2 protein chains.
Amino acid sequence: MAINRSGPNMSAIAAALGVSAATVSNALSGKGRVSPELIEKVRAKAAELGYVPSLTARALRTGRSGVLGLVLPDIANPLFPQIAQAIENAASNAGYGVLIADSRGDIARQTEAIGRLIERGVDGMVIVPRRGTRIADVGCPVAVIDTPSTPGNTVSADHWEGGAEMGRHLSLLGHRKVLLIGASPASNVQNDRIGGLKAGLGPGVECDTLWIEKVEAIEGEGCPLGLAARAAAGFTAFAAVSDLSALRALTELQRAGIGVPEAVSVSGFDDLIWSPVVTPALTTVRMDMTTIADLAIAALIRAIEPEDEPEDAEKTIAGKVASGQDRVPMQLIVRQSTGAPPSASLHAPNKPTAGELGT
Amino acid sequence: MAINRSGPNMSAIAAALGVSAATVSNALSGKGRVSPELIEKVRAKAAELGYVPSLTARALRTGRSGVLGLVLPDIANPLFPQIAQAIENAASNAGYGVLIADSRGDIARQTEAIGRLIERGVDGMVIVPRRGTRIADVGCPVAVIDTPSTPGNTVSADHWEGGAEMGRHLSLLGHRKVLLIGASPASNVQNDRIGGLKAGLGPGVECDTLWIEKVEAIEGEGCPLGLAARAAAGFTAFAAVSDLSALRALTELQRAGIGVPEAVSVSGFDDLIWSPVVTPALTTVRMDMTTIADLAIAALIRAIEPEDEPEDAEKTIAGKVASGQDRVPMQLIVRQSTGAPPSASLHAPNKPTAGELGT
DNA sequence: TATGGATGCTTAAACGTTTAATCAGAGCAT
DNA sequence: ATGCTCTGATTAAACGTTTAAGCATCCATA
């Protein structure tokens, strides 16, 4: 169906101009030997007739579909919109379409979803693997977006360094006892972030780690995290490893009458959509999704498209860079949810623009 | 590329069995006249060789690609994961792939994105239009997910009735002065919800509507909404038309020391991912995305695939149902963020399970 | 004026299906 | 035996593109 149903094809242009279809193809693609004047005439005729090439036919002939697959662990993940948008943008700038496949958190479905994409003839795929999953060889170029600690053709944010930056921020503010909040210890990403946080906070800071998944396994989903008690126990900062957890912490603390940021600080990760609009706006660390997507797509395309300029031995080097690991920096975004701890006679001079500071 | 690069094709099976490729095709599709024994042999051989049909070739021949397009106003929308997941699921159950296209909120891009999908030969598309946009004829079957007040082949949640349910809930609790909070008056969906809310609250309840977009145009993005003042002015309930706005309201009120739900109630729409885990958990209204997606995909497929059983005149009726408007009910989810207003000597007997009620 | 190489175009095959048209043979009635 | 229908297969064309190979023509060089 589609527009091609009635739309003109190359033969129509060829017939209208009294030339062969092959010439039209060459003229439009600029590949064979066609006189400049004819090229111009072909272009004009194509535009006049409203010619739209059949990507299907091209795919059949060339063996390349111009479509990339995007495999996600769970579309419902709040980070997904950012990823999908960035990937879709990068891909469509490169002339590729994006086919989505959701594995709904299920590992069997992930394999099945990958299979479906292969059947549809995708030229390559971007996989955001489910926590701790290793991707088997799938028979087409693959770019994995996860964390640098995953081996393979990975491009990802530098989660560790992002955590370290946040850690330094908190430490500089004067916090000496901070609670690290993660969802699941099975996540490489979260572990990297926690590792970075600890490193950034430094040896002088007391840390404890709370895994939400574990407490929910006991207390039930959506249960209180007991953060007020933690605050009473002297924790002055709650550094979550995702904005979703941070939001949960923030509201739980607020509900308990504990002021953020004047009593305790809360920070997150990922700069999710609500982060700037809650009160107080969340201090967080943002992934540069645009760059990540660009790198992933570029790597994929290098693997898919034949290298045009085998100028030097540089080709090989480029190939290696492609299949290596790229890690892109994260950006600390300081907003209102972090500030100096109450007892801070310490010097925390410049950074935070906290809305209202208690003494 | 893909697996087809090396994979066997129909001719391979045909050659291995000493029959013609056409027969193999007929055997596998069950269309022509092939003896049962041969069908079995072909099946077996296909399995043995690991035959995977080329959907590309099939698409070229039949003119149908088996791919549906999903056009979104803005992938970054927090509701998007739900939509995408439901659509992807429904489509893949029906044997279709889903190509995504993001218009990033831009209306020109929306047209362009639709064009790209057409070029790729999608058999039909699901469009979630940008606020207030009308979709022009695009040359292929289209299902629109928006609101019943949009004319066309629309399937959507019954936003109005959802609003009415929430309104009745609030009214029943005893609220007599409620602030309706919307993002943009240009949104049909939001207007429907607001209309429903007003109707559900009934004539005895005083209402005012706050459009966030308008106050942000003056005060800047992410500015405070002045909700504490509203509470002081006697508003006891804040009914947002999206969970994102509800969350914004909730945190702003909490930050101002106003207890939710004992002092004021807050409610939202859509049951976004964070709604159950914030404190207090948000009372909201959920769309039945699964049903919506199923209806949209089913309508699309009816339009795409030739009707097999023209048994009776029922065919026509089915066709009408398909191109009409389907509205699916929304579900009220009462959690902790709504409760009786402080002065409620009124009878609000059963419904709310509010966490802690002040007197 | 031959020889050789660009140049500009055409021919034809190929990609892997589907499907209409055809055909050989079998069974059966006339 | 001749004609007819039914069955189970084959042949060939078609979908719209790309691309290798071929064929004139023309210009320059020998």
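Atoms considered below: every heavy atom in the structure, side chains included; atoms not considered: hydrogens, waters and symmetry mates. Letters A, B, ... are given to chains in the order of the sequence lines, protein chains preceding strands, and every chain is numbered from 1. Keep in mind it's a predicted model, so treat the numbers as computed, not measured.
Rounded to an integer number of Å, the gap from A/Leu55 CG to D/dG16 C1' is 11 Å. Whole-Å rounding puts the B/Leu60 CG to C/dT19 P distance at 13 Å. The distance between atom CG of A/Asn9 and atom C1' of D/dT18, rounded to the nearest whole Å, is 14 Å. One can place CG of B/Leu49 at 16 Å from C1' of C/dG16, the figure rounded to the nearest angstrom. A straight line from CG of B/Leu38 to C1' of D/dA9 spans 9 Å, rounded to a whole angstrom. The distance from atom CD of A/Glu40 to atom C1' of C/dG8 is 17 Å, rounded to the nearest whole Å. Protein atom CG of B/Leu28 is 13 Å distant from nucleotide atom P of D/dA9, rounded to whole Å. In this entry the distance linking CE of B/Met10 with P of C/dT19 reads 11 Å, nearest Å.
Each of D/dT10, D/dT19, C/dC9 was ranked by its minimum atom distance to the side chain of A/Arg61; first place goes to D/dT19. Listed candidates were C/dT17, D/dG16, D/dT19. Nearest to the side chain of A/Asn26 is D/dT19. Ranking C/dC9, D/dT17, C/dT18 by closeness to the A/Tyr51 side chain, first place goes to D/dT17. Closest to the side chain of B/Arg33, from the set D/dT10, C/dC9, C/dC23, is C/dC23. When each of D/dA9, D/dT19, D/dT17 is scored by its nearest atom to the side-chain atoms of A/Ala22, the top-ranked nucleotide is D/dT19.
The residues B/Lys41 and B/Glu37 are annotated as not salt-bridged, no charged nitrogen and carboxylate oxygen being separated by less than 4.0 angstrom.
In plain terms, the two heavy atoms of B/Leu117 and B/Leu70 that are nearest each other are CD1-N, 4.3 Å. Across B/Ser103 and B/Arg109, no two heavy atoms sit closer than the pair O-CB, 3.5 Å.
Nucleic acid contact for B/Ser35: sugar-phosphate only, since backbone atoms but no base atoms lie under 4.0 Å from a heavy atom of the residue. Among the protein residues, A/Thr23 comes within range of the nucleic acid bases, having at least one heavy atom under 4.0 Å from a base atom. In this structure, B/Arg58 reaches the sugar-phosphate backbone alone: every heavy-atom distance under 4.0 Å involves primed, P, OP1 or OP2 atoms, never a base.
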Can you give me every donor-acceptor pair (side chain of residues 8-20 of chain A, partner residue at least two apart or in another chain, under 3.5 Å) with its distance?
residue : atom : partner : partner atom : Å
A/Asn9  : OD1  : A/Ser11 : N            : 3.3
A/Asn9  : OD1  : A/Ala12 : N            : 3.0
A/Ser20 : OG   : A/Thr23 : N            : 3.3
A/Ser20 : OG   : A/Thr23 : OG1          : 3.1

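Along DNA chain C, the nucleotide closest to A/Ala21 and the one closest to A/Glu37 are compared, and the more 5′ of them pairs with A/Glu37.
Under 4.0 angstrom from either OP1 or OP2 of C/dT18 there lies no side-chain N or O belonging to B/Lys31. Applying the 4.0 Å criterion to OP1 and OP2 of D/dT19, one finds that A/Ser25 has every side-chain N and O outside that range. For C/dT10, one of the phosphate oxygens OP1 or OP2 lies less than 4.0 angstrom from a side-chain nitrogen or oxygen of A/Ser20.
For A/Asp146 and A/Ser156, the side-chain atoms include no donor-acceptor pair closer than 3.5 Å.
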